Structure formats: structure tokens, C-alpha cells
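One structure below.
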Amino acid sequence: MKRMPEDYNVRMEGEHRKRKHKKKHFLFSFLMLIFGCAIFILAFILLFHIRKIEVSGNQYCTADEVVGWLQEDKYATNSLYVWIKHHYTDVEQLTLVEESEVTLRNPWTIRVRVYEKEIIGYLEAGNQNIYFDKDGVVVMLSDQDMLEGILKIEGINVELSKVEAHKILPVQDKEVFLAVLEVTQELQKSELVPDQILFVEKDVTLTFGKVTVLLGNGELGDKIAQIPPILAKLQEQYPDAAGTLHLEKYSRINSAVSFIPSS
């Protein structure tokens, strides 16, 4: 048998060692890459894990409701995921929310600013409260207790079978309902919160403590604008006086106003 030169054997052993070394180096590099990725992923998960959610702008929704809405899916424990979701996808808002802004205060703290729909009044119909906005659109139907600070309207007939959320409130007398919208908006402008708003056909009556205010119908904005200074004057001259304030005939032409104390 022909014997291979000694230098050939040495060369072959050297190449074998090189291949073995390269294989070990590749395996080590691969393991280090996997290890580095694992550390990165773990750091990413821990760093962006939500620890705090700050809620602002809410009046009707509770902070817990907003937090529950924000974390409604299983991946919503990660702040970066939540931020991307609310910036690049069409997220369905809470019933009472028009829109919302989600920002990162830091990797583990989320800020949620909600802009709620403007509710100007509600009606009781059957076992439900019907909340509506300045355009007469039904914002929400609820069988729960009334929301605080919302004006209650009485004396309006509603077609209950046609009431739907996000649709115009179906009232039997459209003209009366236009008066409802005008009254509620004018009360907001004047920062007045009556104890009762009552419609009897087209005539409007407001109650402020012991004082009943008869507005009648027509020129409601001008009439409501007179109420704050008159109530202030009555409180000054007749503290805790009960009676009826007549504004039915008030107009820009006729400024006659009368207050009749209760007997």
C-alpha cells in the first residue's frame, strides 16, 4: 500500500481541526444570538409591561370602565402594543365616548384622555332612561340610575318602539322637541340647573327650589337669559321665598316680569 506523505497527513489533520473549530464557533455564535434575542424579548416584555394607567377627561364613564376597555384583549398588558393598536387600528369606543387619545408617559405608564359625548338631557320612558345630545340623537339607553348633572325632561311623549341608540329621538311632536333642545342648550349657556323641566304641550315650566318659572312658549332663549339676575335679586330681597315667576309674556319689546309669592 502506498504511504501518504507525512506533510499531507499533517495538512489534513490541520484542516479537520479548522473545520471543527469553525463548527464550534458557529454553534457558539448561534447560541449567543438566541441568548441575546431571549434577553431582548424578556427586557422588552418587562420594560413595556403596563404597571399604571392614568385616565382623564371622564365624567360619565368611570376610570375602571376606561381601563377595562383599554385592556380588553389578552395582549393589552404591553404598553407598546396598546399604543400601536390605538394609533393604527379602528378601535371601537365606549358608548359614552366620542374619541380617545392614548399616549405613553413612559414604557410602563399609559395615559388615556377620553372625550365624552355631550349629553344635554334625558327622558324617563318605561323602565329606561334615554340620554340625548344637543342634536336630539340618542346617546345611550340605560335602566341604571340617572347620570349626575344631566337635566331631566318631563312631559314629552316618545314612541318607545322606535327608540334606538345613535338615532334621532322619535318624539310625537317635533316642534315641542325642538323647544326641548333649545331650552336645554340655553340652560347650559346660562349655567342654570333647574330641579325640574316640565313641558305641558308647548309651554315650558322650570322649577328652582321654591320658585316656579313659567316660560310659556316662544323666544325661550331670551326668557332664560333673564332668570339668573332675577333669581339673584329674589334671593337678596326675599330669601327662601316661594312663588311663581312669570316670564310667559316677556320679549325684547315687552320686558314686563312679575313674581307672585305663594300664599
Side-chain angles (χ1 to χ4, degrees), residues 117-126 128-142 146-163 167-263:
K117 296 174 182 176
E118 185 181 8
I119 298 174
I120 63 169
Y122 81 99
L123 309 172
E124 277 187 357
Q128 287 191 317
N129 293 328
I130 305 172
Y131 297 91
F132 58 90
D133 66 12
K134 62 182 178 60
D135 298 314
V137 175
V138 177
V139 173
M140 182 180 69
L141 302 169
S142 175
M146 68 175 185
L147 298 174
E148 291 185 7
I150 304 299
L151 299 173
K152 179 181 179 181
I153 313 298
E154 298 183 67
I156 304 299
N157 295 317
V158 178
E159 299 177 66
L160 286 178
S161 61
K162 297 181 180 180
V163 174
K167 298 289 182 67
I168 293 290
L169 189 62
V171 296
Q172 295 177 1
D173 191 325
K174 304 295 183 184
E175 190 175 341
V176 170
F177 190 59
L178 290 175
V180 170
L181 297 179
E182 182 181 3
V183 167
T184 50
Q185 290 182 57
E186 292 298 332
L187 287 170
Q188 280 192 334
K189 286 181 185 178
S190 299
E191 298 183 349
L192 290 170
V193 183
D195 299 309
Q196 184 187 49
I197 305 174
L198 176 63
F199 281 77
V200 179
E201 295 183 353
K202 296 180 181 180
D203 291 334
V204 186
T205 300
L206 307 177
T207 303
F208 296 90
K210 298 178 181 179
V211 177
T212 299
V213 181
L214 302 181
L215 297 179
N217 59 79
E219 300 188 45
L220 296 171
D222 291 336
K223 293 175 180 178
I224 290 172
Q226 308 309 309
I227 296 175
I230 293 175
L231 289 181
K233 198 167 185 178
L234 286 175
Q235 184 61 31
E236 180 184 332
Q237 296 181 354
Y238 310 101
D240 299 321
T244 302
L245 175 61
H246 290 272
L247 286 169
E248 306 101 305
K249 297 180 180 180
Y250 178 87
S251 68
R252 295 179 183 179
I253 299 174
N254 180 14
S255 60
V257 174
S258 64
F259 177 73
I260 301 176
S262 300
S263 55

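For clarity, every value in this text was computed on a predicted model and none was experimentally measured. Here, residue 1 is the first one in the sequence, and each next residue gets the next number.
Between the side chain of Lys249 and the backbone N or O of Gly216 there is no donor-acceptor pair closer than 3.5 Å. Under the 3.5 Å distance criterion, the side-chain polar atoms of Thr184 are matched with a main-chain donor or acceptor of Leu181. Side chain of Asp133 to main chain of Asp135: a donor-acceptor pair is present (N/O by atom type, distance under 3.5 Å, no hydrogens or angles). When atom types are taken as modelled, the side chain of Asp222 and the backbone of Arg252 share no donor-acceptor pair closer than 3.5 angstrom.
Electrostatic pairing of Lys134 and Glu118 does not count as a salt bridge here, judged by no charged N lying under 4.0 Å from a carboxylate O. Using a 4.0 Å cut-off between charged side-chain N and carboxylate O, Glu186 and Lys189 make a salt bridge.
A pairwise comparison of heavy atoms in Pro194 and Leu151 identifies CD-CD2, 3.7 Å as the closest pair. The two atoms that bring Pro229 and Ala225 nearest to each other are CD-O, 3.8 Å, heavy atoms only. Looking at every heavy atom in both residues, Lys223 comes nearest to Tyr250 through CE-O, 3.3 Å.
The distance from atom CG of Asp173 to atom NZ of Lys202, rounded to the nearest 0.5 Å, is 6.0 Å. Atom CD1 of residue Ile153 and atom CD of residue Gln196 lie 10.0 Å apart, to the nearest 0.5 angstrom. With rounding to the nearest 0.5 angstrom, the CZ atom of Phe208 is 11.5 Å from the CG atom of Leu234. The distance from the CD atom of Glu182 to the CZ atom of Phe177 is 13.0 Å, given to the nearest 0.5 Å. To the nearest 0.5 Å, the span separating NE2 on His246 from OG on Ser258 amounts to 5.0 Å. For the atom pair Leu206 CG and Leu192 CG, the distance stands at 8.5 Å (nearest 0.5 Å).
Between Asn129 and Glu124 there is a side-chain heavy-atom pair separated by less than 4.5 Å. Looking at heavy atoms from C-beta onward, Leu123 lies in side-chain contact with Leu169 at the 4.5 angstrom threshold. The shortest side-chain heavy-atom distance between Gln188 and Ile120 falls under the 4.5 Å cut-off. Here the side chains of Leu187 and Val193 are not in contact, with every heavy-atom distance at 4.5 Å or above. Within the 4.5 Å cutoff, no side-chain heavy atoms of Ile130 are placed close to those of Tyr122. Two residues are said to be in side-chain contact when any heavy atoms from C-beta on lie closer than 4.5 Å; Val257 and Leu245 meet this criterion.
Exactly one of Val211, Leu247, Thr244 qualifies for a side-chain contact (heavy atoms from CB on, under 4.5 Å) with Phe259. That residue is Val211.
Among residues two or more places apart in sequence or in another chain, the side chain to side chain contact (heavy atoms under 4.5 Å, CB included) test is passed with Lys162 by Glu159, Pro170. Residues satisfying the side chain to side chain contact (heavy atoms under 4.5 Å, CB included) criterion with Thr205, sequence neighbours excluded, are Leu198, Thr212, Leu214. Every residue two or more places apart in sequence or in another chain that forms a side-chain hydrogen bond (donor to acceptor under 3.5 Å, both in side chains) with Asn217 is listed here: Asp203.
Few gaps surround CD on Gln237; more than 12 heavy atoms of other groups in view lie less than 6.0 Å from it.
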